[in-house]
Amino acid sequence: MRTKHKKEVKLKRLHSGAGGDPIKSSSSKTTNSQQQRDRSESPGKVRTLKTQEPLISTSGSLKPEPEEDDFTSNSAGVKRKRIKDELLEETPIRKSRSKKHSNDGDSEGSQNKKAKRQTKKAVKKEEGEHPVSKKVKRTKEEIEEARQLKMKKKEEEEQNRWRWWEEKKYEDGVKWMSLEHNGPYFPPEYQPLPDDVSFYYNGKKVKLSLAAEEVALFFAQMLDHEYTTKQVFRENFFKDWRKEMTAEERSLIQHLEKCDFGELHNLHKAKVEARKNMSKEEKQALKEANQKITDEYGYCLLDRHKERIGNFKIEPPGLFRGRGEHPKQGMLKKRVQPEDVIINCSKDSRIPVPPAGHRWKEVRHDNTVTWLASWTENVQGSIKYIMLNANSKLKGEKDWEKYEVARKLKSCVDDIRDQYLRDLKSKEMVTRQRAVALYFIDKLALRAGNEKEEGETADTVGCCSLRVEHITLHDQLDGNECVVEFDFLGKDSIRYYNKVPVIKKVFKSVKLFLENKEHGDDLFDRLNTSLLNKHLSSLMPGLTAKVFRTYNASITLQQQLKALTNQSDNEAEKLLSYNRANRAVAILCNHQRAPPKTFEQSMATLQTKIEARKEQLALAKTELKQAKKEAKAKEVFKCVYLVERKKAAVKRCEEQLLKMEVQATDREENKQIALGTSKLNYLDPRISVAWCKNMGVPIEKIYNKTQREKFAWAIDMTEADFEF
DNA sequence: GAATTCACTTAGTACAGCAAAG
DNA sequence: CTTTGCTGTACTAAGTGAATTC
């Protein structure tokens with residue numbers, strides 16, 4: 001039986017129309033944002049776990065990369081390789097040298113030059129017989145210098161890195177023993193408009209008060225954006241804007257339609273343009289100023305270790321941009337004052353100093369939490385936190401823990417699956433619904449689906465909050481029996497669209513759940529996330545719905561990597577396989593992105609390149625034939641040589657063509673799929689590290705610098721035989 | 001036991017910056 | 001040298017889930 005509250009909510013939803021079919025809009029015109037969000041595959045295609053297996057047929061025949069890369073010393077890959085080699089073999093020399101270097105600074109002292117010459121020699125030796133062209137040589141010194149600097153930095157970082165994973169963990173909720181920082185950085189004050197720029201109302205020039213002017217500018221800046229055409233956005237903005245106005249302004253400015261922000265908008269555009277056209281020096285100065293801010297506010301001292309802060313800047317004021325059909329879009333996000341901010345640090349530390357003339361809301365010393373500062377945001381009333389960077393101990397330890405819980409699930413997932421399959425037969429409705437929900441969460445990696453407050457957020461759902469209108473049952477579909485069609489908006493209003501063949505018991509159960517329900521009703525009316533998680537934690541300590549997502553993502557990666565890569569593949573093939581395994585996970589987790597704006601075009605240019613290469617190949621082939629013919633007839637040495645050359649040309653052409661085709665396929669497959677989210681949040685990095693070790697692929701090929709820092713613990717501790 | 005609060009993870013997008021291409 | 005295209009980063013919204021309050 002539904003609770004009274006829920007019933008009320010449903011009714012409201014039905015009447016407001018917000019709960020109506022969010023996909024097929026009632027209006028015949030499809031807006032841009034709808035198109036953008038509508039990223040599912042063409043209807044009629046059944047997306048099952050099976051289709052996640054990569055499909056490119058050329059993968060088995062990719063040839064090694066052409067060697068020519070090795071001769072251009074500015075190729076990033078080669079540079080990286082060298083740095084690594086040197087680091088491994090020459091550490092003692094480098095140490096003394098880098099010290100000297102740091103004394104010299106950037107100047108071109110003679111000592112410096114001497115040191116450089118030494119390295120050059122060493123590099124030469126390493127390169128062996130690779131000839132270096134003259135042109136390259138000239139910039140060699142610069143390259144060398146840059147390399148040295150990089151190396152020095154890398155080394156320093158390595159030495160400074162806090163190997164927290166080798167330390168004992170704190171017990172019972174204690175997050176740190178000492179914490180010191182400089183507080184958050186506040187955005188600059190509002191700069192009033194110049195005199196020659198005005199706002200007009202009803203065609204008349206109006207000088208706005210400072211507060212009203214600032215908010216007007218927020219709107220003017222967004223004028224090019226589609227947001228500003230949306231009714232809800234405009235209404236919310238106008239309402240909040242009027243709150244910022246003086247009484248006279250409020251009585252004058254009654255209609256948004258009569259507002260002319262043209263000059264403000266142009267001013268903004270000019271500013272953007274000016275920023276783009278800044279001189280090198282100006283850009284440099286700006287960069288340095290930013291660096292100074294980062295140096296001062298970007299770090300903290302946690303248990304005597306310097307750690308980077310993730311978001312040390314207070315969010316600037318502006319207009320709230322929710323995702324999807326957010327009822328609060330356009331509302332004013334107010335400027336945060338120091339008086340709104342709570343500081344958290346250790347008692348005996350240097351307490352951060354508030355900006356002149358201000359004080360903090362509160363200074364507390366709570367070492368059971370990880371945040372350094374917090375404030376309550378005015379649009380949703382939620383708390384915002386200043387926290388550490390992903391490469392910090394606090395974040396890393398938690399991440400590690402997360403994957404350990406997921407691995408524990410691996411050891412008992414069979415039992416849990418047996419259990420919920422048995423529960424599908426339960427006479428009790430709660431148990432039965434719980435079983436079906438778990439089945440979905442496990443099989444489809446759905447999110448838990450907490451309830452949300454109506455009217456406060458966009459209408460999105462997860463597993464437990466699925467409603468009648470989000471699923472369609474098909475006894476028969478495309479040759480499959482018992483197909484459940486899912487169509488709903490999930491987190492960030494990203495559409496989840498999937499047709500899944502399920503086992504009979506699940507199908508029957510869902511049919512049962514739907515009986516006597518109508519549009520707007522919950523599919524799982526007896527179930528919520530809290531109930532579900534309570535049950536899960538009784539099956540295994542620490543188990544919650546989201547662990548299934550982590551577990552299934554990581555195990556999928558491991559399986560896919562095993563299935564797709566061969567020891568004998570070349571590096572490019574191995575990386576392609578890695579990407580495909582990654583992609584399988586991203587598809588499972590429904591991680592989507594808007595297709596890049598230039599996608600169609602860049603695809604087309606690639607296609608023309610492929611065509612050109614094909615022609616070239618055909619030409620090369622005919623030339624080869626010709627050469628062969630001649631060689632047969634004459635048997636002259638020169639002709640034999642020519643045949644060899646033509647053969648090589650054909651081969652090279654084929655390789656390049658193949659490479660481009662693979663690239664095209666890869667890009668096409670990736671069009672709407674975002675790999676980053678799963679890589680960063682769902683895939684146990686130890687799987688990737690072990691794979692790299694087994695396959696002889698350098699870790700830099702799959703993780704960029706940021707990612708390597710975040711996963712330093714995994715890179716350091718993982719052996720080749722790691723099993724998730 | 002429902003609602004609210006709090007802390008923390010997960011998410012896509014805008015845009016800067018850089019390298020390759022022209 | 002400029003344009004193009006791509007990658008990495010900053011940003012902040014939107015989830016999850018435990019604890020607390022009513």
Side-chain angles (χ1 to χ4, degrees), chain A residues 3-6 36-37 39 72 74-76 173 175 225 272 275-276 278 283 286-287 290 294 298 310-316 318 320-324 326 328-329 333 342 344 366 368-371 374 376-377 379-385 387-390 394-395 398-399 401-402 447-453 456-458 460-465 489-494 528-534 536-537 542-547 549-550 553 586 589-594 596-599 601-603 605-606 609 667 672 674 676-682 703-707:
Chain A
T3 66
K4 199 179 167 193
H5 170 79
K6 274 193 176 175
Q36 203 184 25
R37 292 291 165 192
R39 296 171 191 159
T72 49
N74 59 357
S75 146
K175 303 289 168 48
H225 205 287
V272 170
R275 202 175 327 138
K276 223 168 57 193
M278 271 191 306
K283 275 185 183 161
L286 201 69
K287 210 174 160 186
N290 279 329
T294 306
N311 57 325
F312 57 88
K313 288 177 177 166
I314 295 275
E315 290 172 18
F320 176 78
R321 307 148 81 120
R323 305 195 179 142
H326 197 116
K328 299 198 169 188
Q329 63 190 117
K333 193 167 97 170
I342 303 174
N344 191 35
D366 183 354
T368 67
V369 296
T370 67
W371 51 269
S374 71
T376 303
E377 160 264 7
V379 176
Q380 319 235 44
S382 66
I383 310 171
K384 300 269 187 165
Y385 300 93
M387 288 187 191
L388 295 187
N389 187 268
L394 253 23
K395 294 285 184 191
K398 200 81 188 291
D399 212 31
E401 216 177 278
K402 174 181 73 187
R447 294 186 186 83
N450 282 316
E451 286 124 300
K452 308 164 71 189
E453 225 178 310
E456 297 292 304
T457 59
T460 63
V461 298
C463 184
C464 292
S465 46
L489 298 183
K491 184 178 179 180
D492 293 314
S493 294
I494 296 289
N528 60 39
T529 51
S530 146
L531 224 56
L532 180 67
N533 281 332
K534 245 173 224 150
L536 286 175
S537 74
L543 186 62
T544 63
K546 92 186 184 88
V547 178
R549 241 166 110 82
T550 312
C589 294
N590 199 39
H591 289 143
Q592 300 192 34
R593 60 168 184 173
K597 286 201 171 69
T598 53
F599 184 86
Q601 210 204 330
S602 79
M603 213 56 203
T605 41
L606 190 59
K609 269 190 199 166
R667 212 190 287 175
Q672 299 186 296
T677 305
S678 49
K679 207 172 183 176
L680 235 47
N681 300 304
Y682 288 102
Y703 287 146
N704 67 30
K705 187 162 162 285
T706 316
Q707 292 161 342

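The sequence lines fix the lettering, A, B, ..., with proteins before strands; numbering per chain opens at 1.
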### Message
Here's a test of your reading of the structure: between Ile383(A) and Arg275(A), which maps to the more 5' nucleotide of DNA chain B?
### Response
Ile383(A)
### Message
Both Arg549(A) and Thr370(A) contact DNA chain B. Taking the nearest nucleotide for each, which residue is further toward the 5' end?
### Response
Thr370(A)
#### Entry: Nearest-nucleotide comparison on DNA chain C, the residue closer to the 5′ end among Thr706(A) and Ile314(A)
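Looking at DNA chain C, the more 5' nearest nucleotide goes with Thr706(A).
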### Message
Assuming nearest nucleotide by heavy-atom distance, tell me which of His326(A) and Phe312(A) is located more 5' along DNA chain C.
### Response
Phe312(A)
### Message
Counting the atoms with a prime plus P, OP1 and OP2 as sugar-phosphate, which does Thr460(A) contact under 4.0 Å by heavy atoms, base, sugar-phosphate, or nothing?
### Response
sugar-phosphate
### Message
Under 4.0 Å, heavy atoms only, any strand: does Gly490(A) hit a base, just the sugar-phosphate, or nothing?
### Response
sugar-phosphate
Can you tell me which nucleotide in [options] comes closest to the side chain of [X]?
X         : options                   : answer
Ala448(A) : dG15(C), dC8(B), dG17(C)  : dG17(C)
Lys175(A) : dA13(C), dC8(B), dG17(C)  : dC8(B)
Asn681(A) : dT13(B), dA11(B), dG15(C) : dA11(B)
His225(A) : dT12(C), dG12(B), dA14(B) : dA14(B)
Tyr385(A) : dC8(B), dA11(B), dT16(C)  : dC8(B)

Given [N], is OP1 or OP2 found less than 4.0 Å from the side-chain N or O atoms of [X]?
X         : N       : value
Thr677(A) : dT10(B) : no
Lys313(A) : dA10(C) : no
Lys384(A) : dA13(C) : yes
Gln592(A) : dG12(B) : no
Lys452(A) : dG15(C) : yes
Tyr682(A) : dA11(B) : yes
Asn311(A) : dC11(C) : no
Arg447(A) : dA11(B) : yes

### Query
Shortest non-hydrogen contact from Lys333(A) to Pro316(A)?
CE-O, 3.5 Å
### Query
Where is the tightest heavy-atom contact between Leu680(A) and Gln707(A), given as atom of each residue plus distance?
CD1-CG, 3.9 Å
### Message
Is the shortest side-chain heavy-atom distance between Cys589(A) and Arg549(A) below 4.5 Å?
### Response
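A side-chain contact exists here, since the closest heavy-atom pair is under 4.5 Å.
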### Any side-chain heavy-atom pair of Leu388(A) and Thr370(A) under 4.5 Å
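Answer no - side chains too far apart.
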Taking atom [atom2] of [N] as reference, at what distance in whole Å does atom [atom1] of [X] sit?
X         : N       : atom1 : atom2 : value
Arg593(A) : dG12(B) : CZ    : C1'   : 11 Å
Leu489(A) : dG12(B) : CG    : P     : 13 Å
Glu377(A) : dA7(B)  : CD    : P     : 15 Å
Asn533(A) : dG17(C) : CG    : P     : 4 Å
Lys679(A) : dG12(B) : NZ    : P     : 15 Å
Phe320(A) : dT12(C) : CZ    : C1'   : 9 Å
Lys398(A) : dT16(C) : NZ    : P     : 15 Å
Arg323(A) : dA13(C) : CZ    : C1'   : 4 Å

### Query
Does Lys546(A) get its side chain close enough to the base of dT10(B), under 3.5 Å, for a donor-acceptor pair?
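For Lys546(A), whose side chain was compared with the base of dT10(B), there is no donor-acceptor pair (under 3.5 Å).
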#### Entry: Donor-acceptor under 3.5 Å (Lys175(A) side chain, Thr368(A) main chain)
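Side chain of Lys175(A) to backbone of Thr368(A): a pair is present.
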### Query
Who pairs with Lys395(A) by salt bridge (Lys or Arg N to Asp or Glu O under 4.0 Å), at least two apart in sequence or on another chain?
none
### Message
Using 30° and 60° as the class boundaries, would you call the ring planes of Tyr385(A) and Trp371(A) parallel, tilted or perpendicular?
### Response
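Ring orientation of Tyr385(A) relative to Trp371(A): tilted.
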